[in-house]
Peer 1: 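Got a structure here, written out as structure tokens. Questions coming.
So you know, we letter chains A, B, ... as the sequences are listed, proteins then strands, and number each from 1.
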There are 2 protein chains.
Amino acid sequence: MTTPPPILDLSQMIERHRPRFRTASEFVEAALREAILSGVLPGGLPLRQEELAAAFGVSRMPVREALRQLEARALVEFHPHRGAVVVEISAQDAADISAIRAALEPAALRLSLPHLTRDDLALAADLIAEMDAEADPGRMGELNRRFHMTLYARAGRPRLLALTEQHLAAADRYLRFQFAALAHHPRSQDEHNALLAACRNGDADRACALVTRHILAAEELLTRFLTVRAAHSG
Amino acid sequence: MTTPPPILDLSQMIERHRPRFRTASEFVEAALREAILSGVLPGGLPLRQEELAAAFGVSRMPVREALRQLEARALVEFHPHRGAVVVEISAQDAADISAIRAALEPAALRLSLPHLTRDDLALAADLIAEMDAEADPGRMGELNRRFHMTLYARAGRPRLLALTEQHLAAADRYLRFQFAALAHHPRSQDEHNALLAACRNGDADRACALVTRHILAAEELLTRFLTVRAAHSG
DNA sequence: TGCGTGGATATTGGATCCAATTTATCCAAG
DNA sequence: CTTGGATAAATTGGATCCAATATCCACGCA
């Protein structure tokens with residue numbers, strides 16, 4: 001008797017994204033992306049086109065287009081005639097993403113900071129407060145992303161911002177490990193508050209230094225945790 | 001009488017890429033990407049799926065998958081039920097790409113520099129020499145890209161390097177304007193030589209500063225040229 | 001004469017169908 | 001019992017077909 005195929009529970013993503021898009025392709029792409037980033041579809045999972053199509057209630061074609069887009073975003077890998085697989089997470093990959101964030105985010109912040117409005121700063125403060133009250137890692141990632149992007153939003157560089165947001169989102173795949181790696185949370189909030197204060201003062205150098213440290217601190221903690229974990233399981 | 005449809009001369013890309021790939025999708029994606037980056041398919045051009053399929057000798061399906069990948073790389077835009085268009089170039093977009101390069105490349109260089117070998121440095125020197133003898137902008141872009149990537153190659157961060165190479169390639173769309181913006185070439189070569197010298201000395205701070213200046217200098221020249229040009233035509 | 005409406009046409013988006021390749025299974029031989 | 005190979009099943013890649021949507025142009029009307 002063969003093991004029953006793992007039921008893909010994508011209902012969350014379906015109801016959240018389906019009404020927002022005009023084409024099935026874009027809907028499937030958005031839903032799959034969130035499913036991967038949130039960990040519903042773990043690294044290494046083979047993505048059977050037929051199965052996904054059934055789960056989303058569409059044919060295989062929009063699934064294929066969506067998978068190609070996710071391939072370009074380095075979230076899935078294609079192996080010719082063998083199909084697509086969710087890319088694995090690893091300490092190396094986490095470091096890779098952190099290096100990219102540490103390069104992009106200070107640049108975005110420096111361009112954005114002079115144009116931040118009082119409203120932007122107030123929104124950022126609100127988001128920090130919301131994070132204090134939030135326990136769910138998924139929502140937490142969303143709030144964290146919005147906090148950071150609020151500070152970068154006035155950079156006036158669409159491509160730079162899109163890349164930054166992509167890699168902030170990519171970091172979400174490691175969020176649950178950050179939670180597991182003991183209470184990173186309160187420290188992270190202190191860093192958020194310090195960063196916001198520097199932005200309020202218009203101190204670009206300090207703000208950039210803080211955001212860089214913030215990213216690298218999280219990465220170091222995460223790398224240590226993932227390395228230990230890999231050593232145990234391997 | 002309607003104007004004859006513009007014949008897409010993609011023969012260069014076809015013969016260069018066709019044998020390198022196992023699936024039609026990947027072949028079409030690589031060929032289209034190069035056609036856009038090299039300027040054979042200019043910004044604003046509507047990409048008719050049927051026409052491309054005929055030009056490549058395949059059906060519409062691999063074309064669609066390729067277009068989706070290029071969309072994720074911000075080289076084409078989809079408009080629902082109206083098709084894909086090559087994204088326009090502009091002074092703003094050039095500045096955007098430069099900002100990304102100026103963020104990524106010093107980071108890559110700093111990680112890579114300590115691990116550069118004698119052979120890497122020799123190869124970089126060879127590439128500078130080749131550039132001196134090269135007049136064709138297309139080949140020039142390729143050599144320039146290889147020179148830069150040679151210096152970054154030992155960073156040990158696949159995602160960071162892939163992003164860097166993508167945006168080096170994206171800058172190629174503006175290469176012919178850089179040539180037009182009077183002889184940028186010799187100055188650029190001086191900068192390349194200085195950068196290589198700093199790498200030889202293992203002076204990371206100086207190398208990073210030089211590569212940043214190199215990128216921003218090219219951008220300033222380009223922005224001025226494109227702005228003037230836009231003012232004339234507009 | 002200008003503008004809005006309606007139908008024809010072109011083109012995309014999605015579904016189905018077929019071919020090519022890989023993986024799994026089973027049997028035989030060592 | 002293991003290993004090799006042939007064959008069958010599963011799955012992807014590609015082509016074709018159909019439906020949905022947008023654009024274009026003619027026509028009618030103010």
Side-chain angles (χ1 to χ4, degrees), chain A residues 1-8 10 14 17-33 41 44-72 75-87, chain B residues 1-8 10 14 17-33 41 44-72 75-87:
Chain A
M1 183 162 89
T2 154
T3 63
I7 306 297
L8 299 179
L10 300 170
I14 290 176
H17 291 289
R18 173 77 262 198
R20 294 182 47 217
F21 295 100
R22 318 234 336 242
T23 68
S25 256
E26 292 178 11
F27 151 61
V28 172
E29 194 269 335
L32 269 183
R33 177 152 41 103
L41 302 179
L45 183 73
L47 297 171
R48 303 268 155 256
Q49 298 174 2
E50 199 84 49
E51 194 175 355
L52 292 174
F56 286 117
V58 297
S59 81
R60 272 176 54 211
M61 157 120 14
V63 171
R64 280 163 70 173
E65 289 191 5
L67 289 175
R68 285 295 180 187
Q69 284 179 288
L70 297 174
E71 182 195 23
L75 291 177
V76 310
E77 283 174 359
F78 268 79
H79 302 279
H81 293 275
R82 290 196 297 153
V85 183
V86 180
V87 298
Chain B
M1 181 162 89
T2 154
T3 63
I7 304 299
L8 299 180
L10 301 170
I14 292 177
H17 291 290
R18 174 75 260 200
R20 294 181 49 217
F21 294 100
R22 313 229 333 238
T23 69
S25 260
E26 293 179 11
F27 150 60
V28 171
E29 194 270 336
L32 269 183
R33 177 155 40 104
L41 302 179
L45 183 73
L47 297 171
R48 303 269 155 255
Q49 297 175 3
E50 198 82 51
E51 194 176 357
L52 291 174
F56 286 118
V58 299
S59 81
R60 272 177 55 211
M61 157 121 13
V63 172
R64 280 163 68 173
E65 289 191 4
L67 288 175
R68 286 294 180 188
Q69 284 179 286
L70 297 174
E71 182 195 22
L75 291 177
V76 309
E77 283 174 358
F78 268 79
H79 301 278
H81 293 277
R82 289 196 299 153
V85 182
V86 180
V87 298

Peer 1: Can you tell me how far apart CG (L75(B)) and CZ (R33(B)) are? Round to the nearest 0.5 Å.
Peer 2: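 With rounding to 0.5 Å, CG (L75(B)) is 8.0 Å from CZ (R33(B)).
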Peer 1: Which residues satisfy the salt bridge (charged side-chain N to carboxylate O under 4.0 Å, His left out) test with E26(B), sequence neighbours excluded?
Peer 2: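 With neighbours one apart ignored, the set is empty.
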Peer 1: How many Å lie between CZ on R48(A) and C1' on dA10(D), as a whole number?
Peer 2: 9 Å
Peer 1: F78(B): what forms a ring-ring contact (aromatic ring centres under 6.0 Å, His included) with it, not counting sequence neighbours?
Peer 2: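 Expected list: none.
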Peer 1: Could you verify whether a donor N or O on one side chain and an acceptor N or O on the other, from Q69(B) and Q69(A), lie under 3.5 Å apart?
Peer 2: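 No, no side-chain donor-acceptor contact under 3.5 Å.
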Peer 1: What pairs with R64(A) under salt bridge (charged side-chain N to carboxylate O under 4.0 Å, His left out), at least two apart in sequence or on another chain?
Peer 2: E65(B)
Peer 1: Of all nucleotides in DNA chain C with an atom under 4.0 Å from a non-hydrogen atom of chain A, which is the first and which the last going 5' to 3'?
Peer 2: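 Listed 5' to 3', the contact boundaries are dG13(C) to dT23(C).
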Peer 1: Any base atoms under 4.0 Å from L67(B), or only sugar-phosphate, or nothing? Heavy atoms, all strands.
Peer 2: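 Answer is nothing: L67(B) stays at 4.0 Å or more from every strand.
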Peer 1: Is there a side-chain contact between L10(B) and L41(B) (heavy atoms, below 4.5 Å)?
Peer 2: yes
Peer 1: Which protein N or O atoms sit under 3.5 Å from an N or O of nucleotides 21-25 of chain D?
Peer 2:
{"from": "dA22(D)", "atom 1": "OP1", "to": "R22(A)", "atom 2": "NH2", "distance (Å)": "2.7"}
{"from": "dT23(D)", "atom 1": "OP1", "to": "R82(B)", "atom 2": "NE", "distance (Å)": "3.3"}
{"from": "dT23(D)", "atom 1": "OP1", "to": "R82(B)", "atom 2": "NH1", "distance (Å)": "3.2"}

Peer 1: Provide the closest heavy-atom pair for R68(B) versus S25(A) in the form atom of the first, atom of the second, distance.
Peer 2: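 Smallest heavy-atom distance, with atoms named: NH2-CB, 3.7 Å.
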Peer 1: List in numerical order all residues of residues 52-65 of chain B for which some heavy atom is under 4.0 Å away from an atom belonging to DNA chain C.
Peer 2: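 Output list: R60(B), R64(B).
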